[in-house]
Amino acid sequence: MTESTDAEPRPGDLVNRHKLPTRIWHWINAIAIVILLMSGLTIFNAHPRLYWGSYGANYDPAWLQIGGEGERGYLQVGDWQVTTTGVLGRWRDSEGNISTRAFPSWSTIPGFYSLATGRLWHFFFAWIFALGWIAFLVTSLWNRHVQRDLAPRKSELSPRHIWHDIKQHARLRFPTGAAALKYNILQKASYIGVIFVLIPLMILTGLTMSPTMDAAWPWLLDIFGGRQSARSIHFICAMLLVLFILVHLVMVVLAGSLNEVRSMITGRFRLPGKRNAEPPAQPATEAAE
């Protein structure tokens, strides 16, 4: 089907969806976030314990820790503990050797333990991540992408509307036609949460863990309650970002991965029609032939 020239596009039409700045930021972010997460796990492996406050060491009470105990690996959050042997805390590498580091080598950059190398990867891509976010934010405010596409309307904030969208998502009922070009309230809330909450928190807490930045901006320590608290918030935000990415990928597959990925590469999106719809009845002249 050719592109629609009508004011209101119809199912099956190929339309513009994502502007170039959004597409560029999306793919730069995709690469940067993967490398940041994997190199961050290398850094975490150096001391797989999290604390609240200004200080934390081996004998201080940790609110989260991943470790090995004898033949067993475990994850502990507060007083709750679960066995994670083979996944976290105690696992075998590709050569069959037993390791007691928190996260396995396949999930880290580099694929072997090197705190110095992990920090180099992490710090380099952290600047790419932060500068990309700033550029995207400025561009999206200037071209009104945030105000036009992400800011929720008053009617969308009603409990009835939110509950309706939750039920539609739970039933995997995706919008069709021109409605597929607009974000629903759940998408808007998740994107706003990531762009204006998670990413700024990750950047600021990352800066707070730097002694150089603490000397230049000591107020960062006051905001987050100490370096160890900043490290904990940084880890929590990273895990929430992983959860967002997993849900995002699942929804892309369910909505039609080819169409969704193409729209993020070329900007062109084919408007979906109703799924499992009955084929239209043939005209009488055709049926008689």
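Under the 4.5 Å side-chain heavy-atom criterion for Ile, Leu, Val, Met, Phe, Trp and Tyr, L220 and I199 are members of the same hydrophobic cluster. Following chains of ILVMFWY side-chain contacts shorter than 4.5 Å, one can reach I31 starting from I33, so the two form part of one hydrophobic cluster. I43 and F129 are assigned to two separate hydrophobic clusters, defined by single-linkage of ILVMFWY side chains at heavy-atom distances under 4.5 Å.
Between Y51 and H47, the ring planes are parallel. Angles under 30° get that label, and only those over 60° would be called perpendicular. In this structure, W25 and F136 have parallel ring planes: the angle between them is below the 30° cut-off, well short of the 60° mark. Using cut-offs of 30° and 60° on the angle between ring planes, the pair Y191 and F244 is perpendicular.
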Notebook entry, point to check: Do Y74 and Q65 pass the side chain to side chain contact (heavy atoms under 4.5 Å, CB included) test, and can you show the C-alpha distance, the side-chain angles, and the key distance before you say yes or no?
Noted result: CA-CA 8 Å; Y74 66 88; Q65 57 182 311; 3.7 Å; yes
Notebook entry, point to check: Hey, mind stepping through W63 and S232 against side-chain hydrogen bond (donor to acceptor under 3.5 Å, both in side chains) and telling me if it holds?
Noted result: CA-CA 9 Å; W63 70 268; S232 291; 2.8 Å; yes
Notebook entry, point to check: Going through the distances and angles, do I195 and L150 end up as a side chain to side chain contact (heavy atoms under 4.5 Å, CB included)?
Noted result: CA-CA 10 Å; I195 295 170; L150 298 181; 4.0 Å; yes
Next item on the list: Quick one: do I66 and F44 satisfy side chain to side chain contact (heavy atoms under 4.5 Å, CB included)? Show the steps, please.
Entry: CA-CA 10 Å; I66 301 173; F44 182 86; 3.9 Å; yes
Next item on the list: Given side chain to side chain contact (heavy atoms under 4.5 Å, CB included), test F112 with S105 step by step and report yes or no.
Entry: CA-CA 6 Å; F112 55 91; S105 57; over 6 Å; no
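Distance alone, capped at 3.5 Å, places no donor-acceptor pair between the T22 side chain and the H18 backbone. For W217 (side chain) and T212 (main-chain N/O), no donor-acceptor pair under 3.5 Å exists by modelled atom type.
Of the inter-residue distances, the one linking T266 atom OG1 with R23 atom CZ reads 6.5 Å to the nearest 0.5 angstrom.
The pair E260-R17 meets the salt-bridge criterion, since a charged nitrogen lies less than 4.0 angstrom from a carboxylate oxygen.
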Show the atom names and distances, to 0.1 Å, of all donor-acceptor pairs under 3.5 Å that link a side chain in residues 246-255 to residues at least two apart or in another chain.
none

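Side-chain polar atoms of S39 and H122 form a donor-acceptor pair below 3.5 angstrom. Side-chain contact annotation: R72 with T85, donor-acceptor N/O pair under 3.5 Å absent.
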